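First comes the structure, then the notes that go with it.
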Amino acid sequence: MRDVAVVAFTQAPSVRRDLDRNEVEILIPVIHELKQKTGLKNEDVDFVCSGSSDYLAGQAFAFVSGLDAVGAWPPVCESHVEMDGAWALYEAWVKIQMGYAQVALVYGFGKPSMGDLPITMALQLDPYVLTPLWPDAISLAALQARICLEKGVCTERDMAERAVRDRKNAKDNPFAQVKGDFTVDGILKDPFVVSPLRKHDCAPISDGASAVILAAGDRAKELCKRPAWIRGFEHICEPLDLGVRDLTRSRSTEIAADRAGVGKKKIDVAELSAPFTHQEILIERALGLDDGTRINPSGGALAANPLMAVGLSRIGEAASRIWDGSANRAVAHATSGPCLQQNLVCVLEGD
Amino acid sequence: MAELTAVIGIGQTKHAAKRIDVSMAGLIREAAERALADAECTWADIDAVVIGKAPDMFEGVMMPELFLNDAVGGAYKPMLRVHTAGSVGGSTGIVAASLVQAGIHDRVLCVAFEKQSESNATWALSISMPFSVATVVGAGGYFAPLIRGYIRRSGCPEEIGIQVAVKDRLNALKNPYAHLQLADITPQMVRDSPMLWDPIRYLETCPSSDGACAMVMAKESIAKRASKPVAWIHATEMRSEPTMFSGRDQVMPRATLDNAKSLYEKAGITNPRKEIDCAEIYVPFSWYEPMWMEGMLISDTNQGWKMTESGATALDGDFPVNMSGGVLSSNPIGASGLLRFAEAALQVRGMAGEHQVDGAKKALGHAYGGGSQYFSTWIVGSEKP
Amino acid sequence: MSQIEKALTAPHVIEYTYKRSLGPVLSQFFTALRERRVVGVRRKDGTVLCPPKEYDPDTGESLGDMVPLKDTGVVTSWAWVAKPRPQQPLQKPFAYALIRLDGADTPLLHAVDAGSESRMKTSMRVRARWADTTTGAIRDIACFEPVD
Amino acid sequence: MSDKKPEEKEGPVQVLQTPVRLEYVFSAGQSASRLLGAMAKGKLLGQRCPVDGRVYFPSRGSCPQHGVPLDGAPVELADKGTVATYSIVRIPIEKVPLELPYVTVQVVLDGADTVLMHLLKCDVDKVHMGMRVQAKWKPREEWTSSVENILYFEPIDEPDAPYDSFKEHI
């Protein structure tokens with residue numbers, strides 16, 4: 001495998017509803033800043049890949065306008081996945097592995113606030129037997145949470161602890177949306193949104209965007225003092241149907257973590273993209289994390305959840321901890337689909 | 001650096017306006033099972049799945065690959081979903097090939113599909129957005145002014161659009177999977193068909209189809225052991241540019257020219273007209289055959305129509321184009337690009353049946369999309385590069 | 001960047017009735033629902049999937065051996081929806097639940113009308129309440145209701 | 001419970017109808033909002049690319065060629081221009097205020113360096129590249145913050161623009 005590293009990362013502040021800017025206007029400063037930070041011009045970038053969703057935008061081919069933000073001229077080698085930007089980064093990593101590119105620009109963007117997100121997400125289900133019942137995303141997560149609670153996988157207190165931790169960590173992250181000091185006992189008094197989930201168990205709805213530069217070998221060293229080298233990268237998808245999956249664990253994350261070699265050495269920092277507190281617990285366990293790992297120093301998805309960019313941002317945040325020397329080995333996680341159907345794991349190392 | 005990679009299995013559905021005999025899963029399984037059988041392998045042999053299709057609103061399912069992944073044996077495997085507008089089928093093939101070329105996987109299945117009959121593509125493409133003015137309906141409305149620009153520049157006679165429309169439909173009669181089977185097609189019939197978006201007539205446009213295409217790609221050590229001929233991937237390339245900017249050449253965008261140059265360079269081709277035996281090109285409106293002959297640097301600028309006129313692009317010509325009947329005969333949008341790539345591979349494997357070009361050793365597969373702004377192409381050969 | 005000004009906004013609706021062809025297995029499932037019956041499909045290992053699929057989700061193998069099931073079953077998990085949205089099956093507080101029908105090995109998702117959250121319990125028994133008019137759709141089952 | 005029994009003879013269910021309705025609130029964004037605000041006053045505002053000075057109308061807030069924001073002072077444009085290319089449409093579409101067949105044009109407004117897609121009301125046999133046209137506005141009292149303030153373009157009595165003057169916009 002070639003040495004490939006994450007060398008730069010920018011993001012837009014996550015906000016509940018950015019009514020005044022369209023998606024491209026949110027994206028332009030993010031990409032502009034990334035180019036300024038690295039000094040890269042379009043001709044220095046060999047491959048561009050993005051992640052976005054037409055249904056979030058309410059428009060077919062919504063990703064096409066993303067090219068306007070790139071300034072795709074002269075024409076660029078470019079691809080797009082209808083997935084979180086973390087998978088776009090995976091595709092870019094593949095292109096570098098095969099020798100097609102040395103430097104890649106990856107971005108993800110989404111404005112889920114435009115629609116009624118929990119209902120929009122019902123369109124992501126089996127269109128014959130599930131979508132016609134319009135189960136919203138929170139209800140599906142609640143079904144999973146109840147199984148976890150009743151089988152003793154976790155307690156409501158464990159879940160609330162994740163929310164308290166992530167919101168506290170987010171205080172240091174100017175891009176996060178939900179932050180502050182809370183107590184477990186305090187938030188456990190809140191009413192249910194969809195029982196057994198309370199507000200703090202659910203990630204916020206966020207508009208946002210993020211972008212990353214990937215580079216190979218010596219190019220990475222030129223662009224970054226301490227590149228965050230990708231030492232393991234895998235993603236796995238389960239069947240969608242909740243009835244045929246073990247909802248008390250994340251098998252796909254376990255497989256991906258095993259193949260990415262997460263457990264080979266100590267993990268200093270983990271950035272997780274779980275949109276519900278019980279799912280964060282399942283991901284921590286699937287990755288085999290323990291007290292020796294700082295989890296979600298940025299606040300994770302529970303503090304800011306710009307869909308289509310949130311997973312890519314986890315990779316950017318994990319890489320940032322390598323760059324600033326506070327971690328030597330980090331793992332980033334992204335997810336898609338109901339109840340952690342599809343998961344991606346990326347292991348980053350400082351040397 | 002890249003691992004040598006080959007197409008070892010190809011499958012496609014019977015394409016039709018409405019495949020009401022199958023579900024979405026059934027449609028993609030029909031193509032994928034045929035590709036597996038051709039590759040002489042099982043679901044369990046596949047390491048990863050790549051799924052491509054055009055906008056989710058065509059089927060009304062957000063990220064439908066999530067519910068379809070296990071229908072093509074993708075449970076507990078890596079799965080990617082590609083979407084690059086009309087070129088998506090081609091891009092899907094390229095992403096699948098990359099996974100093998102990068103040395104990450106041994107065997108990858110890619111599937112691209114569209115089930116247009118679930119809705120109405122014209123509706124999905126013409127959802128009017130607030131603050132924009134609706135001027136035209138359908139893709140033809142977008143491309144007609146560009147075709148007019150090409151005619152103005154090149155002096156291409158009106159007959160050329162008609163000639164391509166007839167040629168591709170006659171080729172489709174040799175392809176049992178093709179949607180349109182117009183046995184009685186004649187130039188007069190095309191000429192008499194309704195003018196939709198002047199200069200585009202009804203019979204110069206592609207149909208709207210349900211269909212899927214699948215391919216299995218494998219690394220060299222597996223491909224070498226295959227009992228059937230394989231198609232070696234010599235080069236893949238893609239280019240994109242913005243939809244609109246000041247001074248953009250919309251008729252002959254730089255992205256297509258850059259893409260062609262780079263593709264041939266990678267494939268070691270210096271004279272594409274001579275070295276490529278046949279090409280399967282994305283031609284949704286008949287005029288795009290001469291346009292992309294120029295855009296792919298197979299013909300000189302403004303001379304592409306002369307290839308059509310002289311019969312060079314006919315099945316028995318010296319540079320056959322769209323042997324399968326092309327997009328003009330079958331158009332499951334998301335799969336259309338992959339079908340082009342698959343036909344190129346079938347040709348060099350010598351497995352194209354009645355529409356086989358004798359002795360085809362090197363073939364071009366091509367797809368484009370958006371406002372003539374996304375291009376994806378590959379060169380495949382019967383011999384290793 | 002210049003100052004962000006207030007932008008114009010407008011409502012935007014995407015509305016369409018999709019026509020979904022079903023293929024052999026889903027066709028039998030929905031035809032049965034129209035007749036107020038439920039069927040599942042048998043996997044190679046003998047277990048029964050409901051809702052049925054034309055393939056095994058784990059292995060990709062084709063399935064087609066349909067099995068009649070009862071319209072009663074057991075709740076394996078549930079989520080209490082206090083404020084239903086207009087699209088959802090019931091317009092009063094209800095539960096989404098995973099329900100393993102008698103004769104099946106995997107649960108299906110549907111709504112349970114229990115009146116109040118306190119009546120909901122994992123492992124409770126429920127029975128389908130059929131819609132007045134059936135058309136061959138998942139909502140031919142209006143919802144499930146507790147069996148005492 | 002109903003005692004209504006479905007007909008056995010109906011045959012198997014082969015197609016499922018699933019209605020989907022999603023509601024969004026769409027934002028025009030900064031750039032288009034400025035442009036639309038000006039349209040309410042009958043003005044056409046273009047924006048200049050800071051890199052090459054070319055004027056975009058309509059602008060989507062950035063120069064797609066250079067990837068830079070177009071946030072400089074706007075440029076007011078004439079409501080007259082030249083037809084770069086066109087199509088004659090014979091398929092009806094809702095909201096178009098013209099009868100079939102009608103003409104769609106790509107117009108280069110005087111002072112702009114990009115094309116605007118719009119409608120042209122004229123004898124379909126007369127339309128040609130280089131034709132000079134002018135916007136037909138709705139009555140002033142009906143103006144809103146909408147591009148629909150311009151109903152369509154109409155030919156004007158000016159000599160054709162030479163092909164070389166607009167060929168780069170095709």
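Computed from a predicted model, the values in this text were never measured in an experiment. Each chain gets a letter, A, B and so on, in the order the sequences are listed, and its residues count up from 1.
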### Task
Could you tell me whether the side chains of D:Q65 and B:E241 share a donor-acceptor contact shorter than 3.5 Å?
no
### Query
chain B heavy atoms under 4.5 Å from D:P58: which part of the residue, side chain, backbone, both or neither?
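Backbone of D:P58 only, per the 4.5 Å heavy-atom cut-off to chain B.
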Return the [atom1] to [atom2] distance between [X] and [Y], rounded to the nearest 0.5 Å.
X      : Y      : atom1 : atom2 : value
D:K167 : B:D249 : NZ    : CG    : 10.5 Å
D:T104 : B:D198 : OG1   : CG    : 10.0 Å
B:W197 : D:I91  : CH2   : CD1   : 4.0 Å
B:I151 : D:T85  : CD1   : OG1   : 9.0 Å

If you count heavy atoms of other groups shown closer than 6.0 angstrom to [atom1] of [X], is the number above 12?
X      : atom1 : value
D:K138 : NZ    : yes
D:E99  : CD    : no
B:E158 : CD    : no

Look at the side chain of [X] and the backbone N and O of [Y], then say whether any donor-acceptor pair between them is shorter than 3.5 Å.
X      : Y      : value
D:Y56  : B:S246 : yes
B:R148 : D:Y86  : yes
D:S87  : B:A144 : no
D:Q14  : B:D21  : no

Tell me the closest heavy-atom pair linking [X] and [Y], and the distance in Å.
X      : Y      : result
B:M195 : D:R90  : O-CD, 2.8 Å
D:I170 : B:G149 : CG2-CA, 3.5 Å
D:T114 : B:F245 : CG2-C, 4.5 Å

### Query
Are B:L146 and D:Q106 close enough that some pair of their side-chain heavy atoms sits under 4.5 Å apart?
yes
### Query
Are any non-hydrogen side-chain atoms of D:V15 and B:K18 less than 4.5 angstrom apart?
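D:V15 vs B:K18: side chains apart.
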### Message
Which one wins on heavy-atom pair count under 4.5 Å against chain D: B:S23, B:P199, B:P194, B:P145?
### Response
B:P145
### Message
Below 4.5 Å, heavy-atom pairs only: which of D:C49, D:P64, D:A32 has the largest tally toward chain B?
### Response
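Between D:C49, D:P64, D:A32, the count favours D:P64.
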### Task
Pick one of side chain, backbone, both or neither for B:M244, based on which atoms fall under 4.5 Å of a heavy atom in chain D.
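For B:M244, the contact with chain D is made by backbone and side chain together.
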